[in-house]
Amino acid sequence: MTDAPTAVLEPASAPEPGPLVEDKPRSLKAKSDRSDLPFRIGTRTAASAVLAIMLLVGVFLLLQGGQALSAAGPLKFLTTQSWEPNSGVFGIAAVILGSIFIALTAIVVAVPLATGTALYISEYAPRQIKQGLVTLVDLMAAVPSVVYGLWGLKALQPNITGVSQFIATWFGWIPIFHVDGFDPSDPLSSPTTFTSSTFIIGLVVGMMVAPITCSIMREVFTQAPIGEREGALALGATKWGMIRRVVIPFGRGGMIGGTMLGLGRALGETIAVALIVSPVFVVQPQILKSGANSISALIALRYSESSPFEISALMAAGLALFILTLIVNFGASLVISRSRSGASSD
Amino acid sequence: MTATLPAAAAPAASPQPTPPLPSLDEPRVAAEATEVRRSTGAIRRTDIFGILGAAAAAIALSLWLMTQLLIFQGILPFVGFAYIFFVIIYGIVTRFDESGMAVRDRLVSVLVHSLALVLMLALVWVVGFTFISGFPPLLHLNFFTTDMSAAGPLDPLTRGGILHAMVGTLIMISIALAISIPLGVATAVYLSEFPGRYSRVIRTVVEAMTALPSIVAGLFIYATVILLLGFPRSGFAASLAITVMMLPIIIRSSDVVLRLVPGGLKEASQALGSSRWRTVWHVVLPTARSGLTTAVILGTARGVGETSPVLLTAGLTTFFNFNPFSGPMISLPLATYTFVKSPEENFVQRGFGSAAVLMLLVLVLFIIARLIGGRGPGVLTARQLRRRLQQSRGDDYRFRARELGIAKDGRKAVSLATPAPPTQPQSSVVSKAADTTVKSRFRRGRNAGGTS
């Protein structure tokens, strides 16, 4: 009889674990409709085509530039300053550094302007004009680069050489502001010493990238959580204190990302540079001195009167620019996606 | 507070009016009547005086430096010096009656305002300069109606125009749009509808490509179409280059817009048994229509203004070419570029003129984009809303008519007052009616989704 209770108990408890074990997570895969197959295939083809185009850009530049690259040798190509492909002496040391100098000048100009404007729009501007300012900045990001180039050539350059001269006179002891062959005490010194300089091109390109950087920064600034803002203000912070402790830490990723996107744009800017530049093929770290260069301007100015080998050399230069901007852009998107920007706190 | 509480609670307990109540109530009524909206702004009179005084002192000081000590010349250094002095003096003036923290706050506020002002002024300068300098050629009608083939290098503005460049721009951008809209929107749909590792790869690549230097896009088409396939420079090659440049921009912004479509709408559609394709076609794309249009128009504005891809692939011409597949073709930005590089004053003027036309084109595109895209996904204009409402009322009327047992076309049936035979066509009517209900549900849901 002692067996009986267990025998009674057994069937009651035994079936319970049974279904639990069998209860596997249900597959969430839906059987797709037959009409969806063409849709899926169609969009997938389109997406693959886009991917293929984007990858082909790199592949073709590499293929076409390969001839020149192998002729010059990759290391020599990176370190030579002059550009005479027909005599076999050519490299991108001067132009790529020129591109970087221009882009850095542009960023130094654009980032304070963009940050200030973004903060103004998101924090200070009266509500009535806020939307108008946003539209204006977005519009400026869409202004064609040739218009900026025209402005830089005909409007900015005549007015800015005085500033260049002033900086060279008083800050010439700083290496990058030094200008060889400029003597402040010589009243006959020609203002053409200062035209077409990296500084002026950088200003124009900076004006161009500032709206882009500004609109990204404004986006992240306005997303700063309202609770944290009000908390800071309630604790007695001034507006600046609130901005420094809440808005800027929150938007830091967006600020860096926007800056790097602007940098990528500035590196690749062509027409505005090509309009103003007077090309030199030496590394020109004196940003106020006349004469600058960039990869894109080199391509735009040289492609038309080029032999096939020269074209190949230009392709190799374009490849270098492409890789440079890709690195900068990937860095930018990495920074933006890693940051807290855009994530709400609660 | 403790004294007023029992007084306020008393009337609730006892119906008869107590003496303290009117005296407690009266001032409140009076205050309500005369209440003025309090200004929450923190600007006081001393702040304004501080700013004005500091500005006057800064201007005076830098004028003195410029005219008496001759440290600098010109308007730009003057403005720069005056600004620096203004910041310093304003800081000192504020320090007289504020704490250090408040002074910092004020100075940052000045800095932010002035940075924004500088950027805005520079941008206004860019646009204003282009329009003002480009005005003289725009006064001549021939600028819009002729090409440059008949105009010599020394001809005045009354000869020659930029019609060929305008036509070229139009043809190029149309071809580019014809390729990039279907491809771009399909890719964006793929990215948002079929998330997975593959679409993540594509999204990353597309995002990296949005900042593809335009000259590299031009070089790519030059390397493939012209060098590899052996086609001559043509308008079609240029439009391909513009397409390569515009595609990532359109895909990226369309992707963002499509991701904003409320998930509830898609789920509702699928729950009703529609396939994915129908969901996308009838729910997702119509909901995101305004955002997609904006994405496309903004991409167009970028594509229209690009010079360097066209420079490499289209070639130069001074006369008409309607055929994008043969012969060189020129676009507005390229025309601007070549005009401005010329040493002739008239050509430079024409360059400004075409820049102004280009700027105007971009401006118009942008305004259209704002008008369409100012609303979120699915938010309707007043007219669309009215039409939807009317349609919905019509549906309602028809349903009720059918419930009453009247024929397919409710209005007619009611006026004739003849009950229709509810036999054969019933099933098709029902299914049609169900279809319209579903549709109107979506529309209504769309409104709700957009506004919330």
Side-chain angles (χ1 to χ4, degrees), chain A residues 33 35-36 39-40 42-44 46-47 49-51 53-54 57 60-61 64 112-113 116-117 119-120 124 135-136 139-140 142-148 150-151 154-155 159 162-163 166 207 210 238-240 261 264-265 268 270-271 275 296 299-300 303 315 318 321-322 325-326 329-330 333, chain B residues 72-74 76-77 101-102 104-105 108-109 111-113 115-116 118-119 122-123 126 129-130 183 186-187 189-191 194 202 205-209 211 213-216 219-220 223-224 227 244 247 251 275-277 298 301-302 305 307-308 311-312 333 336-337 340 355 358-359 362 366 370:
Chain A
D33 199 307
S35 71
D36 274 344
F39 170 58
R40 199 192 173 104
T43 53
R44 202 188 169 98
V50 168
L51 183 66
I53 291 173
M54 297 302 151
V57 172
F60 266 92
L61 286 181
Q64 297 280 336
L113 282 177
T117 311
L119 280 179
Y120 177 73
Y124 290 92
T135 310
L136 191 65
L139 172 67
M140 286 309 140
V143 167
S145 55
V146 71
V147 172
Y148 278 105
L150 209 55
W151 169 78
K154 300 286 180 186
N159 289 313
V163 178
F166 175 82
M207 280 300 146
T238 55
K239 197 162 205 168
W240 165 237
L261 279 184
R265 259 301 183 66
T270 311
I271 285 301
L275 269 174
S296 45
I299 298 171
Y303 85 100
M315 294 279 177
L321 173 67
F322 180 59
T325 44
L326 267 196
N329 286 339
F330 269 122
S333 50
Chain B
F72 53 83
Q73 282 98 42
L76 273 176
M101 204 164 71
R104 269 203 299 282
D105 179 50
V108 169
S109 160
L111 195 69
V112 166
H113 278 81
L115 282 172
V118 166
L119 187 63
L123 300 177
V126 172
F129 173 75
T130 311
L183 205 56
T187 307
V189 165
Y190 179 77
L191 292 184
F194 302 106
I202 294 177
V205 170
V206 164
E207 270 181 17
M209 286 294 179
S214 52
I215 190 110
V216 172
L219 265 185
F220 166 62
T224 50
L227 290 184
V244 171
L247 255 181
I251 294 173
S275 65
R276 267 197 138 137
W277 157 245
L298 290 184
R302 275 292 301 283
T307 320
S308 31
L311 174 74
L312 262 65
T336 308
Y337 177 67
V340 170
L358 177 65
M359 193 63 227
V362 172
F366 197 82
R370 278 295 128 173

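A, B, ... follow the sequence lines: proteins, then strands. Residue 1 opens every chain. Because only heavy atoms are used, hydrogens play no part in the values below, and waters and symmetry mates are left out as well, while side chains stay in.
For the pair L275(A)/V340(B), a side-chain contact is recorded, criterion being any heavy-atom separation below 4.5 Å from C-beta on. Inter-residue side-chain proximity for F60(A) and L219(B) is flagged as unmet; no heavy-atom pair is nearer than 4.5 Å. Taking 4.5 Å as the limit, some side-chain heavy atom of L119(B) sits within range of a side-chain heavy atom of M207(A).
Relative ring orientation between F39(A) and F194(B) is described as tilted, the plane-to-plane angle lying within the 30° to 60° band.
Only the side chain of L61(A) comes within less than 4.5 Å of a heavy atom in chain B; its backbone stays farther off. Heavy atoms of L139(A) lying under 4.5 Å from chain B belong to its backbone as well as its side chain. Of the atoms belonging to V163(A), it is side-chain heavy atoms, and not backbone ones, that fall under 4.5 Å from chain B.
Take Y148(A) and apply the ring pair (Phe, Tyr, Trp, His ring centres under 6.0 Å) test, not counting sequence neighbours, and it matches no residue. Applying the salt bridge (charged side-chain N to carboxylate O under 4.0 Å, His left out) criterion to R104(B), with sequence neighbours excluded, gives no partner residue.
Put simply, of T224(B), V244(B), V189(B), the one with the most heavy-atom pairs under 4.5 Å next to chain A is T224(B). Note: A223(B) leads A223(B), A186(B), A301(B) in heavy-atom pairs under 4.5 Å with chain A.
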Query raised in the report: What do the steps show when you test V216(B) against L321(A) for side chain to side chain contact (heavy atoms under 4.5 Å, CB included), and what is the final call?
Result: CA-CA 8 Å; V216(B) 172; L321(A) 173 67; 4.1 Å; yes
